[in-house]
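Computed from a prediction, not measured in an experiment: that's the story for all the values here.
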Amino acid sequence: MAPGSGEYLGRLETLLFELHLAMDGSVLTLFTNRRDMDHLYRALAPRLAEEGLGLLVQSRGVSAKRLRDEFLADERTSLFATKSFWEGFDARGDTLRCVVVPKLPFGTVTDPLTREREERYGKAAWERFYLPEAVIELKQAAGRLIRSSTDTGCLVIADPRVLQRGYGRSFLAALPVADVERLDSERVIEEVSRRFGRGASRGVRP
């Protein structure tokens with residue numbers, strides 16, 4: 001399910017739907033692409049509503065505080081969000097039990113700062129700035145789960161590049177988790193439901 005492939009969004013939609021059912025809410029999905037987020041929200045919100053699960057989305061003009069408060073008010077509600085929720089978002093206990101990262105959080109190549117760095121440092125900009133900043137963002141995403149010594153939950157990284165590319169080791173090494181497992185989509189749902197579904201005994205594992 002590589003980002004950019006023709007079947008990426010369809011397979012991600014299936015994964016997210018099944019994950020939300022398995023967790024019975026309390027899922028935070030952190031997107032790097034607003035277009036993908038809006039597309040998946042439109043596809044999934046009605047389906048999840050039929051299952052009694054709420055889904056919020058970080059729309060333009062809606063304050064992050066309002067979204068946070070709505071998310072925390074109902075354990076059966078989940079949230080699709082972008083940049084401002086990758087860091088500085090505090091949700092303790094059962095109000096947040098699963099974080100999903102559809103794509104590794106690399107910055108956009110068209111960003112003015114990225115372009116300026118590439119012009120100044122050439123290929124060295126990748127290892128000096130681009131990769132370390134993405135690694136930090138993923139670590140911060142995992143940190144949304146661990147806000148106190150008693151917090152537990154699971155981090156699901158849906159981007160296969162974390163295992164297929166050499167730089168993936170940098171991302172995995174930075175995660176503040178007990179262990180890392182490679183699972184196909186069906187096994188992910190099975191294990192998440194068994195270990196972290198509401199009422200199950202849980203520990204922190206991606």
Side-chain angles (χ1 to χ4, degrees), residues 1-86 89 91 94-106 108 137-138 140-142 144-145 153-162 183-200 202 205-206:
M1 191 175 62
S5 68
E7 58 185 16
Y8 170 74
L9 280 180
R11 294 185 65 184
L12 181 58
E13 179 183 336
T14 299
L15 175 66
L16 288 174
F17 180 70
E18 296 296 335
L19 271 174
H20 282 73
L21 292 188
M23 295 299 299
D24 197 39
S26 303
V27 179
L28 172 64
T29 305
L30 294 170
F31 290 87
T32 59
N33 184 304
R34 179 173 291 277
R35 183 179 58 209
D36 289 352
M37 180 182 74
D38 290 342
H39 171 87
L40 289 165
Y41 173 76
R42 290 191 297 269
L44 288 170
R47 297 177 63 192
L48 291 174
E50 291 178 356
E51 304 292 336
L53 298 175
L55 181 61
L56 303 171
V57 66
Q58 186 179 4
S59 302
R60 290 184 174 89
V62 177
S63 74
K65 182 182 183 304
R66 174 183 164 186
L67 276 178
R68 175 187 176 277
D69 291 345
E70 288 187 36
F71 177 65
L72 298 181
D74 186 350
E75 291 181 3
R76 301 197 77 208
T77 293
S78 296
L79 172 63
F80 282 2
T82 55
K83 179 68 176 178
S84 60
F85 280 83
W86 283 80
F89 174 59
D94 278 358
T95 54
L96 175 59
R97 297 176 299 110
C98 179
V99 171
V100 184
V101 176
K103 294 181 181 179
L104 295 175
F106 290 113
T108 58
E137 287 215 27
L138 185 65
Q140 290 171 333
R144 300 312 96 215
L145 286 168
C154 59
L155 171 68
V156 177
I157 303 172
D159 190 334
R161 294 176 296 178
V162 76
L183 303 171
D184 60 30
S185 297
E186 291 184 0
R187 284 287 312 285
V188 166
I189 302 305
E190 177 184 325
E191 292 299 312
V192 164
S193 180
R194 181 175 68 84
R195 303 184 199 183
F196 307 108
R198 204 157 318 260
R202 298 184 292 271
R205 300 168 185 263

(request) Would you mind reporting whether L40 and T29 have side-chain heavy atoms less than 4.5 Å apart? (result) no
(message) Just verifying a value: how many Å separate L21 CG and E18 CD, rounded to the nearest 0.5 Å?
(response) 5.5 Å
(request) Could you pull out all residues at least two apart from D69 that satisfy salt bridge (Lys or Arg N to Asp or Glu O under 4.0 Å)? (result) K65
(request) Measure the spacing between CG of L79 and CG of L30 and express it to the nearest 0.5 Å. (result) 8.0 Å
(request) Only counting residues at least two apart or in another chain, list the ones meeting salt bridge (Lys or Arg N to Asp or Glu O under 4.0 Å) with E191. (result) R187, R194, R195
(message) Do L72 and T77 make a side-chain contact, defined as non-hydrogen atoms from C-beta onward lying under 4.5 Å apart?
(response) no
(request) Report yes if some heavy atom in the side chain of L155 is under 4.5 Å from a heavy atom in the side chain of V101; otherwise report no. (result) yes
(request) May I have all residue pairs that pass salt bridge (Lys or Arg N to Asp or Glu O under 4.0 Å) and include part of residues 34-43, sequence neighbours excluded? (result) D36-K103
(message) Just to verify, what does E51 make a salt bridge (Lys or Arg N to Asp or Glu O under 4.0 Å) with, not counting sequence neighbours?
(response) none
(request) Spell out, as yes or no, whether a donor-acceptor pair under 3.5 Å connects the side chain of T32 to the backbone of P105. (result) no
(message) A side-chain contact here means heavy atoms from C-beta on lying under 4.5 Å apart; do L55 and H20 qualify?
(response) yes
(message) If the condition is ring-ring contact (aromatic ring centres under 6.0 Å, His included), which residues does F106 pass it with, not counting sequence neighbours?
(response) W126, Y130, Y167, F171
(message) Please give me the minimum heavy-atom distance between A158 and P160, naming the atom from each residue.
(response) O-CD, 3.4 Å
(message) If we check side chain to side chain contact (heavy atoms under 4.5 Å, CB included) with F80, which of these qualifies: L28, L56, L44?
(response) L44
(message) Please give me the minimum heavy-atom distance between S26 and S78, naming the atom from each residue.
(response) N-OG, 3.5 Å
(request) Evaluate the side-chain proximity of L19 to I189: yes if any heavy-atom separation is below 4.5 Å, no if none is. (result) yes
(message) I need the minimum non-hydrogen distance between L104 and R161, along with the two atoms involved.
(response) N-NH2, 4.0 Å
(request) Can you measure from CE (M23) to CG (L96) and round to the nearest 0.5 angstrom? (result) 8.5 Å
(message) Show the nearest heavy-atom pair for residues P102 and L12, with the distance to one decimal.
(response) CB-CD2, 3.7 Å
(request) Identify, with sequence neighbours excluded, every residue that meets salt bridge (Lys or Arg N to Asp or Glu O under 4.0 Å) alongside R66. (result) E70
(message) Distance check, rounded to the nearest 0.5 Å: Y41 atom OH versus F31 atom CZ?
(response) 12.0 Å
